[in-house]
Amino acid sequence: MSLYEPRKSEIKWQKRWEESGLYKTNFKDTKHQKYYNLVMFPYPSGDKLHIGHWYGYAPADSWGRYMRMKGFNVFEPMGYDSFGLPAENYAIKHGVHPAVSTQKNIDYMRKQLMAMGTMYDWTSEIQTSAPEYYKWTQWVFLQLYKKGLAYRKKAPVNWCPNCQTVLANEQVQDGTCERCGAEVTKKDLTQWFFKMKEYAEKLLNYEGLNWPEKTRMMQENWIGKSIGSEIVFDIADGSTKKPIGKTVTVFTTRIDTLFGCTYMVLAPEHPLTLEICTREHRKNIVDYIEKTKRENDIVRSSETREKTGVETGAYAINPVNGELIPVWTADYVLASYGTGAVMAVPAHDERDYAFAKKYKLPIKEVIIPKKGKSNIDEFAFTEDGVLVNSDEFDEMNSLEAREKITKFLKSKGKGKFVVQYKLRDWLVSRQRFWGAPIPIVYCDKCGEVAVPEKDLPVKLPMKVDFTPKGESPLATCPDFVNTTCPNCKGNAKREVDTMDTFFCSSWYYLRYPSANEKDIPFDEKRINKWLPVDMYIGGPEHACMHLIYARFICKVLHDLGYIDFNEPFKTLVHQGLITKDSAKMSKSKGNTVSPDEFIEKYGSDVFRMYLMFMGPYSEGGDWNDSGIKGIARFVDKFYDLIYTKSTLEDEKTLKCTLHKTIKKVGEDMEKFHFNTVVSSLMEFTNTAKRTGIDDDSKKQIVKLIAPIAPHLAEELWENLGGGESIFNTTWPEYSDKLTASDTFELVIQVNGKVRAKTNVSKDISEEEAINTAKSSNNVNAYLEGKQIIKAIYVPGRIVNIVVK
RNA sequence: GCCGUGGUGGCGGAAUUGGUAGACGCGCAGGACUUAAAAUCCUGUAUGGCUAAAACCAUGUGAGGGUUCGAUUCCCUCCCGCGGCACCA
C-alpha cells in the first residue's frame, strides 16, 4: 500500500498555492459570476485555534472551493475583530500593551489559519483595530450623526461591574454580561446611542433572505412588535377627586378590556409618580422608589417573586366612562417599555390579577368566553371573547371592540392606535481603552461638534494607563483630551469613551472588497457589484447581536444612499456545536479537544473531513478521539485506489456508482450535509476497490473529494497528470442515464410486510411485476387460502399484495 | 409560560415525494498476517426466537392513538432533551 504523507503534502501545496496567488480574487473578472463566501471573523484572543474555529472555517472553505469548481468567481476573505475586551483582557493579564499583543496574536493566528489550508484571499485581510480600518468605522459613525441617527443622552444604562463599562441591551443575557457573565446593574450615565428603534419595522422584513427560520424567529422575538392603543387618563386629586391638569398615557394591546380597568400602575421611575402622590403616601413612595433602585434586573424580573407596590393616593379618570380609579406604583411595570404606565385589568391579565388579589383591589369582569365559562373568582380570563359590562360596546367581540373603542377615544382626543417594539436604541459608548474613539469634541462655545471627515482617524493614543477604572482610560490622557474646536478653533475636549466593538464588526463585510483602498471606506461600484454577501457562516449565538447590528447599519447606509442593497447577508448558515461526550466543551470542565495534536498526527485534511463527517453541518456533532481513525483509514484507502495502477473489471457497476456519487455529492454539498458527502465517497471507494477503476474515473472522483480534502486532491491530481491546480478545473457532471442500472431489486410485501426480494429488469410492466411477486418463493405461503383484495405496484420499488 | 428545534442499534449518524429502517463510520467479536504486538486485511454485528449454520418468524425509530395497502416520514394527545425569550401590559 502506498502511504500518503499528509504533513509533507500539505506544506508543499500551501506553499505552491501562496506562490502562484491561486486564491487572489480578480475583482475585474466579468466572465464568471461573483460569489462572496464569508465566515464570521475571529477575535485574536491569544489562544490557539480551537475546535469551534475549525468547525466554523474549514467546512465553510470547502463550500467556497465547491462553488469555485462550479464556475463561480469566489471571494473568500479573512480578518480580525481585534478591538474589544478579549484582546484588551489578554493584554492586561500579560502586562503588555494591547497594540503589541494584538499584533502578535494576529500574526500567530494568521499562521494557524494558513496551516488549515483554506483559500482565503490574504491580500484583502482587515483588522478592526488598525487606524486605516477604524478611520472608516469613525466615518460610518459620522454619517449616522449627520443624519440625526446618533445622539447623546443621559439614561439608566446597563453596567457591568466586572468589565467596568456599559453594555447594550443585546449584550445583557439573562441579566448577566455577555462577555464575562457578571451580574449587570443600572447606572445613570450620559452616553451615545444609535436610533435602532426607528429601524424596528424595517428589520422585521426578511424578504428575499434565505435565513434559518430559527434565527429569524429569535430576531423577531427580540424586536418584539406589538400592536395596540394608547389611552390618555386625566389625573385627579386624592382628596377633591378633581382633575389636576395632568395626564398619564398608557399603552395596551387589550383596549377591549378598558371597562374592566380598576386601577392604574406607574413604574417607580415614571416622572409623575412622585409628582402626583398625596402627602400621606409620599414617604412610602419615596422609600419604594429607593428600594427599586437598589434591586437589579435579575431580582426584579424574576417571575416567582411576589409582586409589590404602593398607593400614590391619586386617582385617574377612565376616559371611556369617567370612573375614578386609584393610581399605584409597582416595579412589575417597566419604565423602559411603552409609556412606563399601564391600566390594570385584573379580571383579564394574570399579573394584574395577582396584584389585585394581594392588595384587595376590585376585579371586574368585562370579557366572557365565546364558548364555555370563565371562573373569575379563581383566575384571570386572558383570551379574547365577548364584551359585557361595557355600555354600548357590549356583545362585541374583542377584535371589533379594540377597533371601536380606540376610534371612540380618538374622536375625543383621548387615544390612538400605536405600535410598540421591545427593541431599544443601541448604546454604543464604552468606558474601555481598546476601541475606536468616538469622533466628537465638546467645545466651550460651540458645544458638541463632529470631527471633520478630513481629520479622521481620531487616533487612539498609545501612552495611556489602560486598566479599567469605571471611567474611560482616555480621560487620563491630556494630550488626547485637549484639542481645538474644528469650528471656532477655541479650546475643546474630546469624547473619551470608545465605541462598542460590535459597531466595528457591523460593517466589516463592506470593507473587504476595498481593503486596499486608502481614501474611501468602500469602492461603491465594487461593493454594489460584490455585495450582498452570498453566503455567511457563523455561530447562532450572534442572532440577536452582530446579525441585528449588521442589518441595521446596512439599512442605514442604504437609506443614506451609499449602497444600493439593504440587506448584508443573502444566505445565512449557522454551524452546529461540537460536543465531547454530548456535553459542551469548556476549559472549566476540562473536556476540550485540541486540534493541534490530531493535525500533527493525521493532517488538516483528515481533521477537516472528520469534523464534516460527524453530522449535518448546522447540527454539529459529538467528538470521539477514535472516530478520526476511520477518516484516516479512508484517506489511505482512497490514496491507494487512485495512486496504484488498477484494472477495470466491472465497468458498468463502476460507472453507475460514479455517476450516482457525482449526483449525490453535489446535492448534499448544496444542503451543507457534508457528512453524507463523505460517506458517499467512502461507498464509492469500497465499490471501486472491487470493480477496479480507470484513469478518467479517477480524475472525476478526485475532483469530488477536492473541496473537502484540498491537499490530498492536489497531490493526486498532480500524480494523475492533471496539470494546473485542481481548483482551476470544473466540477464533474453526471449523466442521468448512467445513474440508473438495468435491473433493480423488487421488494415484495404481503399486507405491508416484506416477504421476498427479487432482481428484475427496470422496464418490467406492472402486470409482470405483480405476477413475479405472486409466484415468488416464500410469498405463496402467505397467499394460500386467502383472498387477494388488491395488488399495488410502485414502479422501480415495491409490490404490495393485500390479502384477507 | 411563550417561540423554535430535536428524540432512530453500544456510539456518531443515514433513509428521495409516505414505499426494504439502521447506509457510512466508530466500537466490539472472530479469523488471517506476525515470535509477539501495533498497523493492515477478511468475516460478523438492532433485539428476541428457531437453527449445526442459514432460510425463516416475531418485535423495533420517545409514549399512546389515528389516517393509509403501507408511517421514522402525515394528523391528534402526551413525555423528555437542546436553544432562545421571558412581569413587554
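Just so it is clear, the model here is predicted, and its values are computed rather than measured. Chain naming here is simple, since letters A, B, ... match the order of the sequence lines and numbering starts at 1 in each.
Among the nucleotides G83(B), C85(B), G4(B), the one closest to any side-chain atom of Lys584(A) is G83(B).
Using a 4.0 Å heavy-atom cutoff across all strands shown, Asp352(A) reaches no nucleic acid atom at all. At the heavy-atom level, Lys422(A) lies under 4.0 Å from base atoms of the strands shown. Here Pro540(A) lies out of heavy-atom contact (under 4.0 Å) with every strand. Nucleic acid contact class of Arg755(A) (heavy atoms, under 4.0 Å, all strands): sugar-phosphate only. No engagement by Ser336(A) is indicated, since no non-hydrogen atom pair under 4.0 Å with the nucleic acid exists. Backbone-only contact: Tyr782(A) has heavy atoms under 4.0 Å from sugar-phosphate atoms and none from a base.
A donor-acceptor contact under 3.5 angstrom links the side chains of His574(A) and Thr215(A), judged on distance only.
Classification of Arg402(A) and Asp384(A) as a salt-bridged pair holds, one side-chain N sitting under 4.0 Å from a carboxylate O. The pair Asp640(A)-Lys689(A) meets the salt-bridge criterion, with a side-chain N (NZ, NE, NH1 or NH2) lying under 4.0 Å from an Asp/Glu carboxylate O. Between Glu683(A) and Lys664(A) there is no salt bridge, since no side-chain N of the basic residue sits under 4.0 Å from a carboxylate O of the acidic one.
Distance noted for atom C1' between G18(B) and C11(B): 30 Å (whole Å). If you take atom P in A71(B) and the same atom in U20(B), they sit 11 Å apart, rounded to whole Å.
Of all the residues in residues 665-678 of chain A, Asn675(A), Thr676(A) reach under 4.0 Å from RNA chain B with at least one non-hydrogen atom.
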So Lys364(A) and Glu323(A), salt bridge (charged side-chain N to carboxylate O under 4.0 Å, His left out) or not? Walk me through it.
CA-CA 13 Å; Lys364(A) 182 180 164 199; Glu323(A) 257 177 42; 3.5 Å; yes

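Base orientation of G25(B): anti, since the glycosidic angle falls outside 90° of 0.
Put simply, Tyr337(A) has a side-chain N or O that comes within less than 4.0 Å of OP1 or OP2 on A89(B).
Aromatic ring centroids of Phe674(A) and Phe672(A) lie under 6.0 Å apart.
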Pairs counted as Watson-Crick or G-U wobble with both distances under 3.5 Å: what dot-bracket string results for RNA chain B, using | for bases tied to another strand?
(((((((..(((......[....)))((((((.......))))))((((......))))..(((((..]....))))))))))))....

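The salt bridge (Lys or Arg N to Asp or Glu O under 4.0 Å) analysis of residues 795-804 of chain A, with sequence neighbours excluded, yields no pairs.
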Distances under 3.5 Å between protein N/O atoms and the N/O atoms of nucleotides 66-70 of chain B, please, pair by pair.
| from | atom 1 | to | atom 2 | distance (Å) |
| --- | --- | --- | --- | --- |
| C69(B) | O2' | Asn800(A) | ND2 | 3.3 |
| C69(B) | O2 | Asn800(A) | ND2 | 2.4 |

Pairs under 3.5 Å (N/O, protein and nucleotides 26-31 of chain B):
| from | atom 1 | to | atom 2 | distance (Å) |
| --- | --- | --- | --- | --- |
| C26(B) | OP1 | Arg633(A) | NH1 | 2.4 |
| C26(B) | O2' | Ser626(A) | OG | 3.2 |
| G27(B) | OP1 | Lys629(A) | NZ | 3.3 |

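Geometrically, Arg551(A) engages Trp211(A) in a cation-pi contact, judged by NZ or CZ lying under 6.0 Å from the ring centre and within 45° of the ring axis.
In terms of the ring-ring contact (aromatic ring centres under 6.0 Å, His included) criterion, residue partners of Trp623(A) (sequence neighbours excluded) are, by chain and number, Phe598(A), Phe607(A), Tyr610(A).
Heavy-atom neighbours of Lys416(A) NZ from other residues, nucleotides or ligands within 6.0 Å: at or below the threshold of 12.
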